[in-house]
Amino acid sequence: MDKLIISGPAKLSGTVRIARAKNAYLPILAAVLLSDKPIHLKNIPELQDIKTMIKLLSNLGVTIKKEGDITTFDASTLNSHEATYDIVKTMRASIFVLGPLLARRKAARVSLPGGCAIGTRPIDLHLTNLEKLGCEINVHSGYVDAKVDKMKATHITLAFPSVGATENLMMAAVFSDGVTTIENSALEPEIDDLAHFLNAMGANVKGIGTRTIVVTGVKELKEVTYEAIGDRIEAATYLMAALATGSDIEILGVNPRHLDFVTEVLQQMGAKIVTGENSIKVFKSELKGCLIDTAPFPGFPTDAQAQMIALCTQVKGASVITEHIFENRFMHVPELVRLGADITLKGKSAFIQGGEKLTAAPVMCTDLRASAALIIAALATEGDTEIQRVYHLDRGYERLVDKFSALGAKIKRVPGNPT
């Protein structure tokens, strides 16, 4: 397996352009299944999860053609409603095809999803609420088998503001007969982006950016060209890497409002940050500790928790970060401790004593965001840090080595020995 070698401590400078958001494009790619017209998507990031979703679409019969930065999807050739285990076993986002397949083909057979080992992410909210739309659901032998005669409009109140359930139900209701209301919807920007994409195709989605999403069924959709939003978590990663290394950089291609809570916390810690329309400038800053609880948007994102812990090892004073979303999302902590970080875990909280000098050691990636945390720490560490199992990074960070190298980091990817 490949590994990264990072020589630190680093001093970063220059600009970095953020890729389009993986977590926006995954449901958008699933929504392609709704239309029998060509869908043209711009600047789809080259990430493993995206490649898996595109492979899944192709396996379902979608015709796919790429020219330059535009990939065209033609689902008029859709000829299957089964998402098989061999394709979806590595990716939780496979469940997104359930709603569109039911809406378009009245049937779906989707393998129960796989993916990161950061904790349980049950799909009960997807299934129970699809039943309220008139779907018949059966789970057996590792598959969700679903069918529907006619998607009926209804009123749904989510027991928890699940991002995935909100998105799946929005897509499922596009052709419903009447008005479907989804209460207690999640507020993440990626949901807004999916809604804008659906509307661009000719759907009727209202309440965008609120807890109440209203989908009025339409008869057909139209051809569209669309580009997803910038990846706010990738932007947060570079932002924290700059602060951890006392560097000045500019981050381009992201809406700063999608990171308001993160930048507010960092500014309270002492960070010097200036935002533009689609950019964030960060300057060398002297930071103090923080007290953070992860929460659904607009709170502090769980996907930035690991990176924040790595940053907190470099600030003055103590920090406490409590994880409320996933029960197994501190797997990066033992690896940071191997570098010399002073971190104690108690229940859902990590207690970090900043200011400890980090020294190089071999460490191992355990999931996507944990991998990013190790890179931030390695950039602030004295010596050559070897980071193993970097395939996790390929799921969510496009051209990471190239981007950090362009900022001045001494980072290289070393191919693993074939087995």
Side-chain angles (χ1 to χ4, degrees), residues 21 23-35 92-106 108 110 113 121-137 139 144 146-221 226 228-229 232 258 295-299 301-302 325:
N23 289 337
Y25 257 136
L26 286 172
I28 286 173
L29 285 167
V32 163
L33 296 168
L34 290 166
S35 181
R92 297 201 59 82
S94 58
I95 199 64
F96 286 135
V97 303
L98 184 59
L101 284 173
L102 284 165
R104 174 84 182 279
R105 289 181 62 91
K106 310 300 183 186
V110 180
R121 288 189 270 183
I123 60 171
D124 297 2
L125 283 177
H126 300 246
L127 305 186
T128 57
N129 288 298
L130 283 171
E131 287 178 328
K132 293 176 183 177
L133 287 169
C135 301
E136 182 181 324
I137 308 284
V139 181
V144 177
K147 61 182 180 179
V148 63
D149 291 328
K150 186 177 183 180
M151 202 73 75
K152 65 179 182 181
T154 189
H155 189 286
I156 293 169
T157 300
L158 294 177
F160 174 82
S162 162
V163 175
T166 301
E167 292 170 332
N168 227 337
L169 294 168
M170 285 167 55
M171 293 185 282
V174 162
F175 298 128
S176 62
D177 185 13
V179 179
T180 296
T181 302
I182 308 170
E183 300 275 9
N184 198 30
S185 298
L187 295 173
E188 273 70 6
E190 293 80 12
I191 292 174
D192 296 354
D193 207 29
L194 174 62
H196 289 308
F197 171 67
L198 293 173
N199 284 345
M201 281 202 298
N204 186 344
V205 182
K206 295 180 180 178
I208 298 173
T210 76
R211 289 287 186 197
T212 303
I213 292 177
V214 179
V215 183
T216 302
V218 298
K219 297 298 183 183
E220 61 180 1
L221 301 175
Y226 196 83
I229 58 175
R232 60 193 172 101
H258 296 164
F297 191 87
T302 180
I325 308 299

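Both backbone and side-chain heavy atoms feed into the values below; hydrogens, waters and symmetry mates do not.
Heavy atoms only, all atoms of each residue included: Gly202 and Val218 are closest at O-CG1, 3.6 Å. The shortest non-hydrogen separation linking Leu198 to Ala31 is CD2-CB, 4.0 Å.
Applying the salt bridge (charged side-chain N to carboxylate O under 4.0 Å, His left out) test to residues at least two apart or on different chains, the pairs with a partner in residues 184-208 are Glu190-Arg232. Identified under the salt bridge (charged side-chain N to carboxylate O under 4.0 Å, His left out) test for residues 149-175, with sequence neighbours left out: Lys150-Asp177.
Take Phe197 and apply the ring pair (Phe, Tyr, Trp, His ring centres under 6.0 Å) test, not counting sequence neighbours, and it matches Tyr226. Not counting sequence neighbours, the partners of Ala108 by the side-chain contact (heavy atoms from CB on, under 4.5 Å) test are Leu98, Leu101, Leu102, Val110. Looking at residues two or more places apart in sequence or on another chain, you find no ring pair (Phe, Tyr, Trp, His ring centres under 6.0 Å) involving Phe175. The side chain to side chain donor-acceptor pair (under 3.5 Å) check on Thr210 picks up nothing, with sequence neighbours excluded. Residues satisfying the side-chain contact (heavy atoms from CB on, under 4.5 Å) test with Lys132, not counting sequence neighbours, are Asn129, Thr154, Ile156. Applying the side-chain contact (heavy atoms from CB on, under 4.5 Å) test to Thr166 and every residue at least two apart in sequence or in another chain returns Leu158, Met170, Ser185, Ala186, Ile191, Ile213. Applying the side chain to side chain donor-acceptor pair (under 3.5 Å) criterion to Asn168, with sequence neighbours excluded, gives His126. The side-chain contact (heavy atoms from CB on, under 4.5 Å) test applied to Ala153 returns Ser176, Thr180, not counting sequence neighbours. By the side chain to side chain donor-acceptor pair (under 3.5 Å) test, Thr302 pairs with Glu323, Arg329, sequence neighbours left out. With sequence neighbours left out, the side chain to side chain donor-acceptor pair (under 3.5 Å) criterion links Glu183 to His155, Thr212.
With contacts defined as side-chain heavy-atom distances shorter than 4.5 Å, the pair Leu221/Val174 qualifies. Contact annotation: the side chain of Leu187 never approaches that of Pro296 to less than 4.5 Å [non-hydrogen atoms, C-beta and beyond].
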Checklist entry - Can you list the steps and then say if Cys135 with Met151 is a side-chain contact (heavy atoms from CB on, under 4.5 Å)? => result CA-CA 7 Å; Cys135 301; Met151 202 73 75; 3.6 Å; yes

Item to check | Stepwise side-chain contact (heavy atoms from CB on, under 4.5 Å) check, Val148 with Leu133 | outcome: CA-CA 9 Å; Val148 63; Leu133 287 169; over 6 Å; no

Next on the checklist: Run the side-chain contact (heavy atoms from CB on, under 4.5 Å) test on Leu33 and Arg105 for me, step by step, so that the C-alpha distance in whole Å, both residues' side-chain angles and the decisive distance to 0.1 Å come before the verdict.
Outcome noted: CA-CA 9 Å; Leu33 296 168; Arg105 289 181 62 91; over 6 Å; no

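Side chain of Asn199 to main chain of Val205: a donor-acceptor pair is present (N/O by atom type, distance under 3.5 Å, no hydrogens or angles).
Between the CD1 atom in Ile229 and the OH atom in Tyr25 there is a gap of 10.5 Å [rounded to 0.5 Å]. Separation of atoms CD1 (Ile95) and CD1 (Ile123) is listed at 4.0 Å; rounding is to 0.5 Å.
For Lys106, the NZ atom sits in a packed shell: over 12 heavy atoms of surrounding residues, nucleotides or ligands are nearer than 6.0 Å.
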